[in-house]
Structure formats: structure tokens, C-alpha cells
Amino acid sequence: MSFLDGLNDAQRQAVDHLSGPLLVVAGAGSGKTRALTHRIAHLISHHCVDPANILAVTFTNKAAREMKERLEILLARKIAFDQFAQPYSTLEMGKQRELRTRIYREITKELWIGTFHALFSRLLRFDIDKFVDTEGLSWTRQFSIYDEKDAQNLIKEIVTQDLQLDPKRFEPKKIRWAISNAKNQGWMPEKLEVESEGHRGKLIAKVYRLYRKSLAANNALDFDDLLLIPVQLLQQNEQIRGYWHNRFKHLLVDEYQDTNRTQYELIRLLSTNNLQPSLFKSWDNRSIFVVGDADQSIYSFRAADFTILMDFQNDFGDKKSDKITKTMVKLEENYRSTATILEAANSLISNNTERIDKVLKATRGEGSLIHLTRCDDEIAEAEAVTHRLKNLQRTNPELNWRDITILYRTNAQSRSLEDSLVRWGIPYVVVGGLRFYDRREIKDILAYLKLLINPADTVSLLRIINTPRRGIGKTTIQRLTDAANQLSIPLWDIVSDHEAVRTLGGRSAKGLLQFCELITSLKEQLKNSKPHVLIQDVIERSGYLNELISDATEESEERRRNLQELINAAIQHEEENDDGNIETFLATAALASDADEKDTSSNRITLMTLHSSKGLEFPVVCIVGMEQGLFPSYRSLDDSSSLEEERRLCYVGITRAKEQLFLFHASERRLWGGIREPALPSLFLSELPENLLKGDRPLSGGAALRKENRLERLTRIDRKESLEALAGGEQSLPANGLRKVHAGPSPGKSWAVGDQVIHANFGLGEITHTFGSGQKISIAVKFEGMGPKILDPRLAPIQPAGNI
DNA sequence: CTTCGTAAATTTTTT
DNA sequence: ATTTACGAAG
């Protein structure tokens, strides 16, 4: 029995790869996960590679878990066959369990499989104390991981307290985003300062510097640091780099098209020991194996860059042409979808210019046509989806709810769908949105744990110092914080200093002393208690549980259930990881995503964003909200490369479907509040072959859209001409007639696509879209040097540029 | 120090 | 429309 059995030629070539670089270009549904798991199993059992020498990067934690599970099954089957000469499933239960335990102990436990963030935070738990920072900052191995919210709060603090700036003008969210981008490029504050122009850019660099300092003071890292610090550490420390380079002889990266520069750098450092990949020659018993599909790259907003995949062969490879290369394999046979669905996907993606030429070849029958439904608004759309699915279930009794997914562009779209599904009694689960570990009560309890491990974590301390209430108020906290800042020591050092606390006197001192006692005694338990016991103690002894009980509202009931769930999660963590402790549990909690949590076993429809659907497949897929400005998003409409990314997202959505695909769009949609906005059918609908579609004629939509595009272009040209004409002293033309289509009869001013406007703060811009009409119009304007802004012309300080 | 009320912002996609 | 954030009163 071999792991090469039952594979096609290309898959076999990939799985059998032993040494050197290999790029596996794997189209949707071509069995790439199979190739990855089979290759790991093959390396271990056929090439006798030590599992500890393997590092495999997956895109989600869930994918990592599934890969480990599949590996265990594959290996169990082989061992059962080789040693007992019978199929694994016919072994008696006890034997099966024994075998699985053995495989876990000897193999899967030794493998490093996980996301970039999980793997490299693990590496930092070994070596971060040896990291030498250019600005003299340092961290210990007990570091906390801050989520996006924590990071933004820290930045808000810096903006308002340290720099005394208006957080409305300098939104913490935007600044965090700018800093995140810098980190993903590998830039330090100095570099950002040099690279950025203008006052604002320099200020952001300043915030960046203070933010790093603040993180270090808390002994904390943000998500980006989990990748950037390892890069810097591996660059600067030859010994540590050498150790990990020798350790990980076989690197595997899934979803390679969605890696960013920092992640690439990690891969390069580990595989070539910091050499230029083209100069690295010692590939004996060493490999770099990346799997991806440039057509499914959908994360450029977080600095993913699919040119890294496109350049792989130039970079690591033999630079030979596709036909004879040994460093690229293409998996083009699709085993997932019907021919109809594939043809639609191929046709759509052929509109993109930046890609590796690749066509998915169908291996399955034609299947049924793609169904398109036009609805009046988002409520009618939700009803239409529900009816469609009800009907489908009635006519196919063997179809389960879990076989169906509804995909949308933005999380906010789930609401109307949920309303409708509840009304019709259809079970569903929403993926995304609020993470389990982001719930307030969970974050509170985790903050206790973080503080126990990392006393420097002032963010966590401040979160819980008066939660539940202990009579420690704002003024007390301010005084303690001031003292800590003066002495440049962590807040906890002041709080735990009895002398210092006693000088405060009165009610707050009592509360503080009580709190200190609690933390100190919990700390003592840290060493000999299992995580779930410690969590239980925190919940009870902190008074958190009592407060929830005395509250006795429906909400507090829910919170209690969630805390019970947290204890269960800790127990599960202990069971699944021999070396599981509080630190590893906290790391798991910080890096888990909502999609990782959801159990797929229950029989319910899944609702999620198109982004979350990556890597999944369903017999029945519904995509809703196929409208211009929603999908593709309005932010992408005037930028061809982001429009191409939206198209890839649509390609991902379509290729999730195995049997049937249903598309929906509404001709009107309430976006926020009550404003109804007319919506045009998505450009992508007009890019699907007409003969594959049934239902509401897309042609009316597609054709109207094409006409609309032409109209916009005409308007733009006319506008220019009319300006020129005016300049030449001639009378203006029918451009106004055309423009009326877009602009309402608002008194005085009218706004139309293509118009130039002057904004008091942003300067000159051009209107790229209008939404709504009349008094309620809002406009999208592209200003120089920034993304499009959505403005309400009644409020925003803008003037038509023609009027000066 | 806490609670209650009003104001303001919110909607891209996420490890 | 719904949620979060801040400020005034208790």
C-alpha cells in the first residue's frame, strides 16, 4: 500500500516530490489538500523523514486541525494494513484507539502544522528573549498577544494622551491599519517616517514608535509582530537561524497566493538559511513545497501579494519553461463541480489580466443550469432564497441543510437572511462576526489569566481591576497609573505594593488589597493547576460568577453558559495537547477565528462571507447581493487591480459549488438606516455565459449595466468637452440631459459621476459614484492620494469645482 | 463611583 | 436601526 495509489499523474508528481523547490499550481477542487496530506504521509512513511523536521503552514486553524486528523487516518490505515494485514475499520475498537494514540505520540505531535501566526508565536515562546531590538525594546517568553481591539485601544491612548491629538481626525483604526501595513512590509518607524510624505505620515510614524514602546512595556505583541519579530530574529541571530533551518528540512505552505512579504521572508530564512534562494544549492533531503492558485488570491487588503506565487519559479525554481520544468506541477482537473459551474467560473476569471494561464478541466457531468433571481430589495431577496431552499429540500428529500451555504460580500448582509430563515424555521449557523473569544465575559476571564502569566500586561490589568466592581474608580486608577509612569514600572508593581496602596486610604485601598490578595493566591496555583481548574477558580473566586448569578437576567444566564463553554474549551485543549498549559491555551484563544469554532456536524445551513468560504465546498451554493457597489464593492470600482480581486472572490464563491449554484441580486437595497438605494446588477453577472443561466434574464441586467457603463464614460467625455467648450467661449451641450440620470433635482447643487468637487480638507476630487437620489443622495469621491470617500453633500464641506 | 440618558458612528473582506 | 461612547446626575 502506497500513498501514491489512486492519484492522477500530476498529483502523484506532487506527492512524490522529495527534495528541492516545487510549486503546485492547484485550481479549485483539484485535490490540493489531498496532495498536501498525502505528501506529508509519504515523506514520513516512505522517505523516513522525521516528523519533527516538517513544518506545514495552513491558512486557518481549522484547516490545520483537519489536516492532522486526515494524516492520522491515512497513517492508521497504512499501519493497520502493513502490520495487521487488515483494514483499519475492521480492527476492534481498543486496537483502533491504541493505534491512533501511538500515531499521535510518535508522529502528529511532532509535526508543526498551523497558521503562520500560530507556528511563529510558538517559535517565539522559545526564543523571543534572545531578540535584540533596534530601539532597545525587549520581551520575555511570557508575552501576551493583543487582538485588533486591544491594539486600537493602545493606539487611541497614545493619540489622545501622549500626543494630545483629536481622535476624530486621527482615527485609531486607520492609524492601526497604516502601522499594520508598515509592519507587513517589514518597516520600522524610521523607515515609515522616511517613506511617508506630509505631516500626517510623520505623525503616524511617531505613533508607531510610541506604540511599539507601549507594546514592549506591556510585554505584548500584536498579530503583525508574531511574524515580524521572528523575521528580525532570524535575520540577526545566526545560531537561532541555524537551529530552525536544520530543524525544518521540509516546508509546506498552503494557499501560497495569499502570503505577504513578511511571511515570504520567514519561508526564505528557514529554507535557505538567509541565502538568496537562487544561490542556495544544498537541497539534499530538504524541500520547499508551496501550493496555491493565483486566481484565488483574495487577501491583498492585508498585504497578501500573489506575485510571490507567480515569481516562485524565478525565485527558487529551475527557470525552465512550463513544459519541462521540474519545479512546477499544475493540478487542473477539477473533481468537485459540474461542468456548467466550471465553465461559468472559467469564463468569469478569463476577464482578469494578471494570472497564470490555467483552465479547470471538468471530470463530472454537465449538471443543472445556474439559477439567477432578481428581487425588489434585500428583504425580498432573503425571502426568495428561503423559498428556493425550501422547494429544493422538498423536491430532494436526501438533501441536508448542511449541504447548503449562503455566501455574501459583507457580514452585515446576514441580518435580513437570518430574519427570513427564522421566520420559516430553517436551522442555520452564521460564521464570522463575533468570535467566541471576543465576548466580553470571555475576554474578562482571559485577562485574569494573562495577568497571572504576564504581570507587565497593564492592558489586561486595567480591564479587570474593577471587574467585577470592587469600588476602584477612575481617580484611583489615574493616581496609580501616574505613579507607575513616573517610576517607569508596570502598573501591577504599584498595585501589589501594600505600602503604596495604603497611602490611598479608604474604600479604594480596601478593594485594591483584596484584589491583590486574589491575584497573588491565584498565581500560586498557576504551577500545579490544570488550565480548566484555574479558569474555574478565577470565575468563582474573583466574584465574577456571583455577580452574574445576582444579576439573574437572560443576558447574564447567557454569559454563564459562555463561561462554562470556556471551561470546556480548556478541557478539550488539555485532551488534545499533551503539553497543553495556560500559555498554549491563551495563544490558541488569541489566534482562533470564528470559523475555527463552528462545528460542521450539526445539520444547518451555513451563512458566511465569501472570504470565509475559501477552502470549503458545498453541494448547493447561494450567492446573494450580486450588485454593483456591493459585489464588486464600491471601493474597487475605479481601480482595476482591486476589481480583479473582487472577481477572484466571485470565482472562489462559484467554485465552492458542487451541484447547484443560485445567484441573487436586488434592484434596491437599504444600506444603512432607512435609505433605499437603487442597485445595478453586478458586472460579474454579465460575464457569465448566457447559455448557462436560467431564471431572470441576466441580459436585461447585464445589458443595462453595459449601457450604464457606456453612459458614464460618455458623461465623463461630455463633461470634459463641455468644459473645453466653455473655455473656448461656446455654449454648453446635452451633457446635462445625460447627467440627470444620476443626479436628483436637489435645490441649487447637483452631483453627477465625473464631476470635480473641492473639499475643504481633502482638496480636489472626482465623483466616482452616486447613491440614492434627490435630497438623500450620497456620493463617492476619489481624492488625490487617498481611497474613495462616501460623503453626504448636505453635510460635507464640498463645492462643485466648476463654481470657483 | 455608578447609572442613566443622549449623541454619534457604523458597513468590506481577517490571522 | 443598532450599537457604542461619553457626559451629567445621583
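Chain naming here is simple, since letters A, B, ... match the order of the sequence lines and numbering starts at 1 in each. Reckoned from all heavy atoms, side chains included, excluding hydrogens, waters and symmetry mates. This structure is a prediction, so every number in the text was calculated from the model and none was measured.
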(Q) Using the side-chain hydrogen bond (donor to acceptor under 3.5 Å, both in side chains) criterion, which residues pair with A:Arg470? Sequence neighbours excluded. (A) A:Tyr448
Q. Can you find a side-chain donor-acceptor pair between A:Thr58 and A:Asp254 that sits under 3.5 Å?
A. no
Q: Could you tell me the separation between the NZ atom of A:Lys174 and the P atom of B:dA9, rounded to a whole number of Å?
A: 11 Å
**Q.** Partner of A:Tyr146 under side-chain hydrogen bond (donor to acceptor under 3.5 Å, both in side chains), chosen from A:Asn153, A:Asp457, A:Asp225
**A.** A:Asp457
Q: Using a cut-off of strictly less than 4.0 Å, decide whether A:Ser633 has a side-chain nitrogen or oxygen near OP1 or OP2 of B:dT13.
A: no
Q.
For a quick check under 3.5 Å, do A:Tyr651 and A:Gln296 share a side-chain donor-acceptor pair by atom type?
A. no
Q.
Just the rounded figure in Å: distance from C1' of B:dT14 to CG of A:Asn61.
A. 12 Å
Below 3.5 Å is the cut-off: list the nitrogen or oxygen pairs between protein and nucleotides 4-7 of chain B, distance only.
none

Q | Nearest-Å distance once atom P is located in both B:dT13 and C:dT4 | A | 15 Å
Q. Heavy atoms under 4.0 Å, any strand shown: does A:Phe631 hit a base, just sugar-phosphate, or nothing?
A. nothing
Q | Distance flag, aromatic centroids of A:His611 and A:Phe301, threshold under 6.0 Å | A | yes
Q: Rounded to the nearest angstrom, tell me the gap between atom CD in A:Gln628 and atom C1' in B:dT12.
A: 15 Å
Q) Between atom CD in A:Glu645 and atom P in B:dT12, what is the gap in whole Å? A) 15 Å
(Q) At less than 4.0 Å, is any side-chain N or O atom of A:Ser593 found next to OP1 or OP2 of B:dT15? Yes or no. (A) yes
Q | Out of B:dT10, B:dT15, B:dT14, whichever nucleotide has its closest atom nearest the side chain of A:Phe223 | A | B:dT15
Q: May I ask you to say what A:Asp224 touches in the nucleic acid, namely base, sugar-phosphate or nothing, with a heavy-atom cut-off under 4.0 Å?
A: nothing
Q) What nucleotide among B:dT2, B:dT12, B:dT13 has an atom nearest to a side-chain atom of A:Tyr634? A) B:dT12
Q: From the options B:dT15, B:dT2, B:dT13, select the nucleotide whose nearest atom is closest to the side chain of A:Arg469.
A: B:dT2
(Q) Tell me whether the side-chain N/O atoms of A:Asn260 come closer than 4.0 Å to OP1 or OP2 in B:dT15. (A) no
Q | Under the side-chain hydrogen bond (donor to acceptor under 3.5 Å, both in side chains) test, residues paired with A:Tyr299 that sit two or more places apart | A | none
(Q) By the 4.0 Å heavy-atom rule, please label A:Glu148 as base, sugar-phosphate, or nothing. (A) base
(Q) Can you measure A:Tyr408 atom OH to B:dT13 atom P for me and round it to whole angstrom units? (A) 10 Å
Q. What does A:Thr476 touch in the nucleic acid at a heavy-atom separation under 4.0 angstrom: a base, only the sugar-phosphate, or nothing?
A. sugar-phosphate
Q) If you check every side-chain atom of A:Lys173, which of B:dT13, B:dT11, B:dT10 has the closest atom? A) B:dT11
**Q.** Among B:dT15, B:dT12, B:dT13, the nucleotide that comes nearest once only the side chain of A:Arg635 is considered
**A.** B:dT12
Q | Distance below 4.0 Å between A:Thr60 side-chain N/O and B:dT15 OP1 or OP2 | A | no
Q | Below 4.0 Å: OP1/OP2 of B:dT13 and any side-chain N or O of A:Asn411 | A | yes
Provide a list of protein-nucleic acid N or O atom pairs under 3.5 angstrom, restricted to nucleotides 2-7 of chain C.
{"unit_1": "C:dC6", "atom_1": "OP1", "unit_2": "A:Lys156", "atom_2": "NZ", "d": "2.9"}

Q. NA contact type, A:Ile472, heavy-atom cut-off 4.0 Å: base, sugar-phosphate, or nothing?
A. sugar-phosphate
Q: For the residue pair A:Gln413 and A:Glu378, establish whether any side-chain heavy-atom pair is separated by less than 4.5 Å.
A: no
(Q) Could you tell me how far B:dT11 sits from C:dC6 if I compare only their C1' atoms? Round to whole Å. (A) 23 Å
Q) Between A:Asn466 and B:dT2, does any side-chain N or O lie under 4.0 Å from OP1 or OP2? A) yes
Q. Between B:dT10 atom C1' and A:Leu434 atom CG, what is the distance in whole Å?
A. 16 Å
Q: Apply side-chain hydrogen bond (donor to acceptor under 3.5 Å, both in side chains) to A:Ser420 and list each qualifying residue two or more places apart in sequence or on a separate chain.
A: A:Glu383, A:Thr386
Q. With A:Glu558, which residues qualify under side-chain hydrogen bond (donor to acceptor under 3.5 Å, both in side chains), at least two apart?
A. A:Arg561
Q) With distance as the sole criterion, is a donor-acceptor pair present between the side chains of A:Glu576 and A:Gln572 under 3.5 Å? A) yes
**Q.** First encountered from the 5' end of DNA chain B, between A:Phe116 and A:Ile477
**A.** A:Ile477
Q. Is the shortest side-chain N to carboxylate O distance from A:Asp596 to A:Arg65 below 4.0 Å?
A. no
Q) Stacking check: are the rings of A:Phe301 and B:dT13 less than 5.5 Å apart at their centres and under 30 degrees in tilt? A) yes
Q: In whole angstrom, give the distance that lies between atom OH of A:Tyr299 and atom P of B:dT12.
A: 16 Å
(Q) Among A:Thr475, A:Thr481, A:Thr476, A:Asp482, which residue satisfies the side-chain hydrogen bond (donor to acceptor under 3.5 Å, both in side chains) criterion with A:Gln478? (A) A:Asp482
Q. Rounded to the nearest Å, what distance is computed from the CZ atom of residue A:Arg176 to the P atom of nucleotide B:dT14?
A. 16 Å
